Amino acid sequence: FKFDRLNKILTRIDQTFYRGYNFDAVQFYRNGTLYSLGGAGFWNIHSLLTYYDFQRREWEVVETFGDIKPERVVGLSAGYHKLKDKVYVIESKEEFAITNPGKQRVFSLDLKTMVWEYKGDIDLNKMSQFNLDLLEGTWLGEAFYFHVRPENAIIANPETNELFIYKGKKKLFFGGYQENFQIGDYVYSLRPQFTKAKTTEVLDSLSFDELKKDLKKVDSFYAIDLFSISSKDLLLICLLVISLFLFILALKRRPKRKKNFNVEKRDEVDLVWDLLSNGGHAVLDFVLQNGCNYKFTTDEISKILGCDKKAFDTQRQYRSKFISNFNIFFEEHFNIENAIYRISSEDDKRFVCYQLSEEAVKVYKKFIEQVN
C-alpha cells in the first residue's frame, strides 16, 4: 500500500494475484528494494525470500543457496543487520507443535551472495535458566532482545555468538508489556501505565553506547557445529568423485539415441535455443499442440515443469523462476517482451492462467521447421 500522509489515505499499489502465508514475515529495505522473508499462515511457516517489483507491481521470488537452509522464518526471531548486510534467523518451531524442540538452529543469509550459512544450535534447556522459555523478541540493530518477565532483558548477538543480560538502572525498559524499537543510534521503550484515573503511555530512550555499558556477558548464544569445515570439504570431494564416476559409467551404458532431425541443418540453426531454461521446450510444444491462444492453468504448468507433486509454495517458486527465465530468454535473444504472461481465468477471476505471446510461438515454429 501507499500512504498519503496529508489526506491519511491508504491505496493498494500491487497487482499480485495471490500473496498468502506472510503473517509476521521479516520485511526490510535494502538498496531501495523492499524484501519480505518467511511468514506464516494456515498452519504453515515458510522461508521464501521475495522482493516487490515496483514496475510490474508484483512480488517476485529470490533464489537463495546453501547446503543447509532454514525451513521456517518469522519476524519475532529474525532481523536484518544493515552494517553486515545479512539477515539473522532463529529457526521457528513448527506452528501449533505440541512439543517444543530441545534445540533451535541459527542461520545467517548473506544478501550479497544470497547464500545461507548454518551457524549452530541453541540449547533451550540452557535458555530456561534465564527465565526464557520462548526465543521471541525484537531485533534492534545488531542483536536479538528477548522479552523476559518481570524485568531486564536477555540480549543475543548472533554475529559474535555472545549472550548478555541487561544490568542497568532502567529495570522496566525491556519486558513483555512494552514495545522496543530503534531510531538511528537510540533504542526506545514505549510502555503503558495503568492507573485508576486514566491510561497513559511512557516513552523512554537509551543510546546504544549507554546500553552496551550495562550489558554483562553470561554465556555463548549457540553451540557451533562440531563437524569441522575441513571434514565437510573432504566429504564433498568424495561425493563429487563418486558422482563423476557414476556419471561416466552411465554415459558408457546409455544407448545411442536416434537423431530426430538433420544434423547438417541443425548446425545451421542458431544454437541460442540450447540456452532456453529447463521446461521451456516442453511448454512451447504443449502450446503448439493445443493452439497459440490456449490458456493453461497453474496445475498444467506445474505438471509440465515436473513439480506438481511438490508442496504448494515450492510449486509457486518453480513457476515464478521459470516464467522469469523464460521471458528473459525471449527478450534478450528475440526482443520479445512478456513471452509468457499471466491472465485472469475466464471462469473465476480469482484464479490465474498462463498464455504465450503470438510472436514467441512464431519464432519457435520457425526453429522447428528448420531442424526437421
Side-chain angles (χ1 to χ4, degrees), residues 19-28 30 34-51 59-82 84-97 99-124 126-127 132-140 142-146 156-163 220-227 229 232 236 307 310-318 320-321:
R19 182 75 178 94
Y21 305 100
N22 61 347
F23 292 103
D24 196 27
V26 186
Q27 278 121 10
F28 57 93
R30 175 180 180 266
L34 176 63
Y35 290 89
S36 181
L37 173 64
F42 289 97
W43 303 277
N44 177 52
I45 305 175
H46 67 90
S47 60
L48 291 178
L49 177 64
T50 60
Y51 77 95
W59 289 91
E60 297 291 343
V61 175
V62 180
E63 184 176 9
T64 60
F65 309 91
D67 295 330
I68 306 177
K69 299 181 182 181
E71 297 178 2
R72 298 172 295 276
V73 179
V74 292
L76 289 174
S77 54
Y80 173 52
H81 194 315
K82 186 175 181 180
K84 295 292 182 181
D85 201 20
K86 294 181 179 180
V87 177
Y88 290 92
V89 170
I90 302 170
E91 186 177 38
S92 173
K93 68 173 185 177
E94 294 184 21
E95 195 169 21
F96 302 108
T99 59
N100 204 27
K103 295 181 179 180
Q104 285 184 243
R105 300 188 297 180
V106 181
F107 293 86
S108 67
L109 174 62
D110 189 333
L111 295 171
K112 296 184 183 69
T113 60
M114 293 300 171
V115 174
W116 285 101
E117 179 186 358
Y118 165 54
K119 309 291 285 186
D121 292 331
I122 302 172
D123 186 346
L124 297 182
K126 183 180 72 173
M127 290 297 175
L132 191 63
D133 297 324
L134 292 176
L135 296 182
E136 294 181 351
T138 304
W139 174 266
L140 299 174
E142 60 185 30
F144 292 104
Y145 289 69
F146 298 121
N157 189 323
E159 178 66 24
T160 62
N161 192 21
E162 294 176 298
L163 196 67
S220 59
F221 180 36
Y222 50 81
I224 299 175
D225 188 8
L226 297 178
F227 198 64
I229 296 176
K232 288 181 179 179
L236 180 61
C307 63
K310 298 183 181 295
F312 173 80
D313 285 322
T314 304
Q315 292 185 43
R316 183 172 59 181
Q317 186 177 6
Y318 268 69
S320 178
K321 182 181 176 182

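Starting from 1, each residue takes its place in the sequence as its number. Computed from a predicted model, the values in this text were never measured in an experiment.
With contacts defined as side-chain heavy-atom distances shorter than 4.5 Å, the pair Phe144/Thr138 does not qualify. Side-chain contact check for Pro158 versus Trp139: some heavy-atom pair is nearer than 4.5 Å. Taking 4.5 Å as the limit, some side-chain heavy atom of Leu48 sits within range of a side-chain heavy atom of Gln317. Using a 4.5 Å cut-off on side-chain heavy atoms (C-beta onward), Val74 and Ile45 make contact. Glu91 places none of its side-chain heavy atoms less than 4.5 Å from the side chain of Gln104. At a threshold of 4.5 Å between non-hydrogen side-chain atoms, the residues Glu63 and Lys321 count as touching. When side chains are defined from C-beta on, Glu142 counts as touching Asn157, because their heavy atoms get closer than 4.5 Å.
Residues meeting the side-chain contact (heavy atoms from CB on, under 4.5 Å) test with Tyr222, sequence neighbours left out: Val106, Lys119, Ile122, Asn161, Ile224. Residues passing the side-chain contact (heavy atoms from CB on, under 4.5 Å) test with Val26 are Phe28, Leu37, Val73, Ala78, sequence neighbours excluded. With sequence neighbours left out, Phe107 forms a ring pair (Phe, Tyr, Trp, His ring centres under 6.0 Å) with Tyr118. Every residue two or more places apart in sequence or in another chain that forms a side chain to side chain donor-acceptor pair (under 3.5 Å) with Glu159 is listed here: Tyr88. For Ser47, there are no side chain to side chain donor-acceptor pair (under 3.5 Å) partners, not counting sequence neighbours. Judged as a salt bridge (charged side-chain N to carboxylate O under 4.0 Å, His left out), and not counting sequence neighbours, Lys69 has no contacts. Checked against side chain to side chain donor-acceptor pair (under 3.5 Å), Tyr35 has no partners two or more places apart in sequence or in another chain. In terms of the side-chain contact (heavy atoms from CB on, under 4.5 Å) criterion, residue partners of Glu162 (sequence neighbours excluded) are, by chain and number, Thr160, Phe164, Lys217. The side-chain contact (heavy atoms from CB on, under 4.5 Å) search around Asp110 returns Lys86, Lys112, Thr113, not counting sequence neighbours. For Lys126, the salt bridge (charged side-chain N to carboxylate O under 4.0 Å, His left out) partners two or more places apart in sequence, or in a different chain, are Asp219. With sequence neighbours left out, the side chain to side chain donor-acceptor pair (under 3.5 Å) criterion links Ser108 to no other residue. In this view, Asp24 satisfies the salt bridge (charged side-chain N to carboxylate O under 4.0 Å, His left out) rule with no residue, not counting sequence neighbours.
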Note to self: Assess the residue pair Thr64 and Trp116 against the criterion (side chain to side chain donor-acceptor pair (under 3.5 Å)); give the C-alpha distance rounded to whole Å, side-chain angles, the decisive distance to 0.1 Å, and a yes or no.
What the structure shows: CA-CA 7 Å; Thr64 60; Trp116 285 101; 3.3 Å; yes
Next item on the list: Would you check, one step at a time, whether the test salt bridge (Lys or Arg N to Asp or Glu O under 4.0 Å) holds for Lys103 with Asp123?
Entry: CA-CA 5 Å; Lys103 295 181 179 180; Asp123 186 346; over 6 Å; no
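Pairing each heavy atom of Phe23 with each of Gly41, the nearest pair is CD1-CA, 4.3 Å. Closest heavy-atom contact between Val87 and Leu111: CG2-CD1, 4.0 Å.
Separation of atoms CD1 (Ile90) and OG (Ser92) is listed at 10.0 Å; rounding is to 0.5 Å.
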